[in-house]
Amino acid sequence: MDVFWAAPPVSRTITALTFVQSALCYGGLLSGYHILFLPWHLFKLPPQIWRLATPFFLTGPNIGFLYDLYFMYTYSSALENDAPLFSAPGDYFVYLLFVGTIIVLTAGLLLGGYVFTGALILAFAYTYAQENRGKKVRFFIINIPVVFLPWAILTLTLVMKGGHATAVEGTGILAAHLYQFLVRLYPQFGGGRRIITTPGFVRRWFAGNRQAYRTYGTAYRPAQEPSQQSSRGWTSSFTDSWSARGAGRRLGGG
């Protein structure tokens, strides 16, 4: 539990929700029909508004259960902890709401998709790649520039699931790129103002979440700064992982 509560709040919440909902669904305790995005149920009385959120928290079956959970937590926590794009409290929560809304509008209403977990993970992967430009990542047995990571995952989806699933999951890239454009590219290079901002009450809500709990004491996280920390895994093992280490210090030294 110490490890769980020390994780970034948004990432640990969505990962836990995905684990619980997927486990209940594949364990036969929850009908998948009641969590899919079926827009006509939104207009029933009473409206089934939970269908706007539950399609983001259902993994693939079998080995996909582990992969989706791993990718979701790895990329999401890396962004929430270290990405300069989300330097202020609540920025990452607003990002999640924005990309989720775009995915619902495109993957759900335009393309007729039912489950959006893959699209959300691709949104994380795209933003993660943009925030770590210049690095390389291991994709299976080869090293590729990190900016190619979301496209490599999308190509794998095309091979394994077909064209419609690729289009549905590809909306995650669209949503993440639109966020990048409105928040960073347009203000910096177009001379405009930042269109998406974090409301004050959201900032205050997350401002107190600078505390990280550990088994040996309590640590407080300062405002996020750019980090070169890298992660290792099936598709995220950087070749320069030791570059994030600082200078060595002898324990007990002055």
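These numbers come from the heavy atoms of this one structure, side chains and all, not from hydrogens, waters or symmetry mates.
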Trainee: Same hydrophobic cluster for Leu178 and Leu110, using side-chain heavy-atom links shorter than 4.5 Å among ILVMFWY?
Mentor: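 Cluster IDs for Leu178 and Leu110 differ.
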
Trainee: Counting only N and O atoms by type, is there a donor-acceptor contact under 3.5 Å from the side chain of Tyr92 to the main-chain atoms of Ala83?
Mentor: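 It does not hold such a pair.
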
Trainee: What pair of heavy atoms forms the shortest contact from Val147 to Ala129, and how long is it?
Mentor: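 Reported closest heavy-atom pair: CA-CB, 3.9 Å.
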
Trainee: Would a hydrophobic clustering, with Ile, Leu, Val, Met, Phe, Trp and Tyr connected at side-chain separations under 4.5 Å, put Leu158 with Phe116?
Mentor: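 No, no single cluster joins them.
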
Trainee: Would a 4.5 Å heavy-atom cut-off, applied to side chains only, mark Tyr126 and Leu122 as touching?
Mentor: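 Answer no - side chains too far apart.
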
Trainee: Answer whether the closest heavy-atom distance between the side chains of Phe206 and Val10 falls below 4.5 Å.
Mentor: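 With C-beta onward as the side chain, the pair touches.
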
Trainee: For the residue pair Pro199 and Val94, establish whether any side-chain heavy-atom pair is separated by less than 4.5 Å.
Mentor: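 Side-chain contact under 4.5 Å: yes.
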
Trainee: Is there a continuous path of hydrophobic side-chain contacts, each under 4.5 Å between heavy atoms, that joins Ile196 to Phe181?
Mentor: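 Yes; Phe181 is reachable from Ile196 via cluster members.
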
Trainee: Between Glu169 (side chain only) and Leu154 (backbone N and O only), is there a donor and an acceptor less than 3.5 Å apart?
Mentor: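 Pair absent, no side-chain N/O of Glu169 close to backbone of Leu154.
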
Trainee: To the nearest 0.5 Å, what is the distance between OG1 (Thr54) and CD (Gln21)?
Mentor: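 So the gap between those two atoms works out to 5.5 Å.
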
Trainee: For the residue pair Phe56 and Met72, what are the closest heavy atoms and their distance?
Mentor: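 For Phe56 versus Met72, the nearest heavy atoms are O-CE, 3.9 Å.
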
Trainee: Between Ser22 (side chain only) and Thr59 (backbone N and O only), is there a donor and an acceptor less than 3.5 Å apart?
Mentor: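 It does hold such a pair.
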
Trainee: Would you mind writing out the side-chain donor-acceptor pairs for residues 36-44 within the sub-3.5 Å range, not counting sequence neighbours?
Mentor:
unit_1: His41; atom_1: ND1; unit_2: Lys44; atom_2: NZ; d: 3.2
unit_1: His41; atom_1: NE2; unit_2: Tyr33; atom_2: OH; d: 2.9

Trainee: Does Trp205 use its side chain to pair, donor to acceptor, with the backbone of Pro89 at less than 3.5 Å?
Mentor: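 The answer is no, because no donor-acceptor pair under 3.5 Å joins these two groups.
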
Trainee: Under the side-chain contact (heavy atoms from CB on, under 4.5 Å) rule, collect the residues that match up with Ile63, sequence neighbours excluded.
Mentor: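 Scan of Ile63 (side-chain contact (heavy atoms from CB on, under 4.5 Å), adjacent residues dropped) gives Leu66, Tyr67.
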
Trainee: Does Ser11 offer a backbone N or O that forms a donor-acceptor pair with the side chain of Ser77 under 3.5 Å?
Mentor: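 No, the answer is negative, given that no donor and acceptor are paired below the 3.5 Å cut-off.
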
Trainee: Quick one about Asp68 and Thr117 (side-chain donor to acceptor, distance below 3.5 Å, no hydrogens or angles considered), yes or no?
Mentor: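 The criterion, which ignores hydrogens and geometry beyond distance, is not satisfied for Asp68 and Thr117.
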
Trainee: Describe, in one word, how the ring planes of Tyr95 and Phe86 are oriented to each other, choosing from parallel (under 30°), tilted (30 to 60°) and perpendicular (over 60°).
Mentor: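 Tilted, since the angle between the ring planes falls between 30° and 60°.
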
Trainee: May I ask you to decide if Ile153's main-chain N or O and Thr157's side chain share a donor-acceptor pair within less than 3.5 Å?
Mentor: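 Present.
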
Trainee: Backbone N or O of Ala123 within a donor-acceptor pair of the His177 side chain at under 3.5 Å?
Mentor: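 Answer holds: no.
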
Trainee: In this structure, would Tyr73 and Phe124 fall into the same cluster of hydrophobic residues linked by side-chain contacts under 4.5 Å?
Mentor: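 No, Tyr73 does not connect to Phe124 through the hydrophobic network.
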
Trainee: If you take all heavy atoms of Leu85 and Val183, which pair is closest and at what distance?
Mentor: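 Closest pair (atom of Leu85, atom of Val183, distance): CD1-CG1, 3.9 Å.
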
Trainee: Output all residues satisfying salt bridge (charged side-chain N to carboxylate O under 4.0 Å, His left out) with Arg184, sequence neighbours left out; order by chain, then residue number.
Mentor: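 By the salt bridge (charged side-chain N to carboxylate O under 4.0 Å, His left out) rule, Arg184 matches Glu131.
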
Trainee: Just wondering, are more than 12 heavy atoms of other shown residues or ligands nearer than 6.0 Å to CZ in Phe19?
Mentor: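 Check fails, neighbour count at 12 or below.
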
Trainee: Under 4.5 Å between any side-chain heavy atoms of Ile102 and Thr171, yes or no?
Mentor: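 Not touching, per the 4.5 Å side-chain cut-off.
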
Trainee: If every non-hydrogen atom of Gly162 is compared with every non-hydrogen atom of Thr166, which pair is closest and at what distance?
Mentor: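 That would be O-OG1, 2.7 Å.
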
Trainee: Do Leu120 and Val168 sit in the same hydrophobic cluster, where Ile, Leu, Val, Met, Phe, Trp and Tyr count as joined when their side-chain heavy atoms come under 4.5 Å apart?
Mentor: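 Different clusters.
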
Trainee: Counting heavy atoms not belonging to Tyr114, are there more than 12 under 6.0 Å from its OH?
Mentor: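 Count not over threshold, so no.
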
Trainee: For the residue pair Gln130 and Gln180, what are the closest heavy atoms and their distance?
Mentor: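 Where Gln130 meets Gln180 most closely, the heavy atoms are CB-NE2, 3.7 Å.
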
Trainee: Can you give me the closest heavy-atom contact between Arg12 and Ala7, atom names plus distance?
Mentor: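 The answer is NH1-O, 2.7 Å.
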
